[in-house]
There are 2 protein chains.
Amino acid sequence: MKETNETNDLQKAGLKATLPRLKILKFLESTAVRHLSAEDVYKAMLDGGDEVGLATIYRVLTQFESAGLVTRHHFEGGHSVFELNEGKHHDHIVCVKCGKVEEFYDETIEERQHLIADKNGFSMTDHALTIYGICSGCQ
Amino acid sequence: MKETNETNDLQKAGLKATLPRLKILKFLESTAVRHLSAEDVYKAMLDGGDEVGLATIYRVLTQFESAGLVTRHHFEGGHSVFELNEGKHHDHIVCVKCGKVEEFYDETIEERQHLIADKNGFSMTDHALTIYGICSGCQ
DNA sequence: AATTAGAATGAGAATAGTTCGCATTTGGAG
DNA sequence: CTCCAAATGCGAACTATTCTCATTCTAATT
């Protein structure tokens, strides 16, 4: 089999398997850091010896978001961070000192969000819950 | 009594009662729109015949935030919106079609957030919960 | 394997939102 | 009423992101 997993993933998502997209997807799958800015991805490409324009990074990440491959978060600080979608939905707890991000999932909160949306006449499409605090290491 | 409420509020917050700060605070207290961008405030000042530089708007809103008079939110779209602090804490539900913002408060969610922070070894300082959906009018 | 049309990319300009630097003005303590 | 530190206004600078468009690449077809 010649086709890589990534090539298949992209095609299933309706995206041509171009070099920049493959490189970015492979990087996202291989890196230990789960929450990355566009700039982070750009630098990682450079470090890996691959030249990918920053505009392309933004375009590709936005396409990945539309295709459901990644999720875009708006943590404090004004810039977007991207996270590869794997496993199940979760929310985040961010350390305001060192920026560390932990993930959590709470069924009760999930349920109540739907209740609240219904009660307000909204059809819920998404939600963003981020807890800010100081992690054990920074206290 | 010569001192206005706003003058007192500012002094209590440790801020000199300057003209731009008074104008902005009065505007925030009088407007029906609770969630405003810096640009919104800037335009409101112009419409009211008051010349306040945009940089000053940003500085003052940031000071108000530090002083606890307003809260800054990062809804989708990249820019900050500010809300006068009055009444109790609440979270938001935002319509992704028309931008309408509703407020809600859910005790159960509040409690569970603290539990989750504790469980992860974080001392919680803040949180941001925004539900996105389509409001009744837009469906 | 060569052709080719349309999609994707790279580079830099453009834009939006926000902050900074500094000369000028202002608030309020004495 | 004076005076100094603090605050303001203005434009430049900055950051994150998007756009433009000439060039390159993908993949379907010959």
Side-chain angles (χ1 to χ4, degrees), chain A residues 2-4 6-25 27 35-46 48-67 69-70 72-82 99, chain B residues 2-4 6-25 27 35-46 48-67 69-70 72-82 99:
Chain A
K2 270 216 185 107
E3 303 284 289
T4 66
E6 289 79 16
T7 299
N8 280 328
D9 288 347
L10 287 176
Q11 287 171 344
K12 257 180 269 177
L15 296 169
K16 276 210 267 194
T18 63
L19 243 35
R21 299 212 263 237
L22 283 169
K23 286 174 187 166
I24 294 171
L25 182 54
F27 166 66
H35 303 88
L36 298 144
S37 67
E39 194 73 28
D40 293 336
V41 176
Y42 178 65
K43 285 187 191 130
M45 293 294 111
L46 289 184
D50 295 309
E51 294 285 338
V52 180
L54 188 52
T56 299
I57 305 275
Y58 276 103
R59 276 187 296 237
V60 168
L61 288 173
T62 301
Q63 291 156 354
F64 282 8
E65 184 191 16
S66 302
L69 294 174
V70 306
R72 182 194 304 250
H73 300 292
H74 302 276
F75 297 154
E76 286 184 350
H79 64 290
S80 301
V81 304
F82 298 85
Chain B
K2 271 220 186 103
E3 302 284 290
T4 65
E6 289 80 16
T7 300
N8 282 328
D9 288 348
L10 287 176
Q11 288 171 346
K12 257 180 270 175
L15 296 169
K16 275 210 272 195
T18 63
L19 243 33
R21 299 213 262 238
L22 284 169
K23 286 175 188 168
I24 293 171
L25 182 54
F27 167 67
H35 303 88
L36 297 145
S37 67
E39 193 73 28
D40 292 336
V41 177
Y42 177 65
K43 285 186 191 133
M45 293 294 110
L46 289 184
D50 296 308
E51 294 285 336
V52 181
L54 188 52
T56 299
I57 305 277
Y58 276 104
R59 276 186 296 236
V60 169
L61 288 173
T62 301
Q63 291 155 354
F64 282 7
E65 184 192 15
S66 302
L69 294 174
V70 306
R72 182 194 304 251
H73 301 292
H74 301 278
F75 297 153
E76 286 184 347
H79 62 290
S80 302
V81 303
F82 297 86

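We name chains A, B, ... by the order of the sequence lines, and we start the count at 1 in each one. Side chains included, hydrogens not; waters and symmetry mates left out as well; all remaining heavy atoms used.
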Using only side-chain N and O atoms of Y58(B), determine if any of them is under 4.0 Å from OP1 or OP2 of dT18(C).
-> yes
Consider the side chain of V52(B), meaning its heavy atoms from C-beta on, and name the nucleotide among dT18(C), dG9(D), dG10(C) that approaches it most closely.
-> dG9(D)
Report each atom pair, protein N/O against N/O of nucleotides 25-30 of chain D, whose distance is under 3.5 angstrom.
residue	atom	partner	partner atom	Å
dA27(D)	OP1	A17(A)	N	3.0

For E39(B), report the nucleic acid contact type (base, sugar-phosphate, nothing); a contact means any heavy atom under 4.0 Å.
-> nothing
Is the shortest heavy-atom distance from the side chain of L10(A) to the side chain of L69(A) under 4.5 Å?
-> yes
Distance, rounded to the nearest Å, where I24(B) contributes CD1 and dA7(D) contributes C1' | 12 Å
Do S80(B) and H74(B) come close enough that some side-chain heavy atom pair is under 4.5 Å?
-> yes
Please give, in whole Å, the distance from dA16(D) P to Y42(A) OH?
-> 14 Å
Would you call E39(B) and L54(B) a side-chain contact if the rule is heavy atoms closer than 4.5 Å?
-> yes
Take the protein atom NE2 of H79(B) and the nucleotide atom C1' of dT15(D), then report the distance between them rounded to whole Å.
-> 17 Å
Check the distance between dT18(D)'s C1' and R72(A)'s CZ and give it to me in whole angstrom.
-> 11 Å
Hey, which of these two, R21(A) or A55(B), hits DNA chain C nearer its 5' end, going by closest nucleotide?
-> R21(A)
In whole angstroms, the gap separating C1' of dG27(C) from CG of N8(B) amounts to 16 Å
Exactly one of L22(B), L36(B), V52(B) clears side-chain contact (heavy atoms from CB on, under 4.5 Å) with F27(B), and that residue is L36(B)
Interatomic distance, L10(B) CG vs dT26(C) C1' [rounded to whole Å] | 15 Å
Would you mind reporting whether R72(A) and V81(A) have side-chain heavy atoms less than 4.5 Å apart?
-> no
Atom CZ of R59(A) to atom C1' of dA16(D): distance rounded to whole Å?
-> 16 Å
Could you state the atom-to-atom distance from NE2 of H74(B) to C1' of dA16(D) in whole Å?
-> 14 Å
Does any N or O in the side chain of D40(A) come within less than 3.5 Å of the main-chain N or O of S37(A), such that one atom is a donor and the other an acceptor?
-> yes
Under 3.5 Å, side chain of R21(B) to main-chain N/O of K16(B), donor-acceptor pair present?
-> yes
Side-chain N or O of S37(B) closer than 4.0 Å to phosphate OP1/OP2 of dG17(C) | no
Regarding the side chain of L54(B), the nearest nucleotide among dG10(C), dT17(D), dT18(C) is dT18(C)
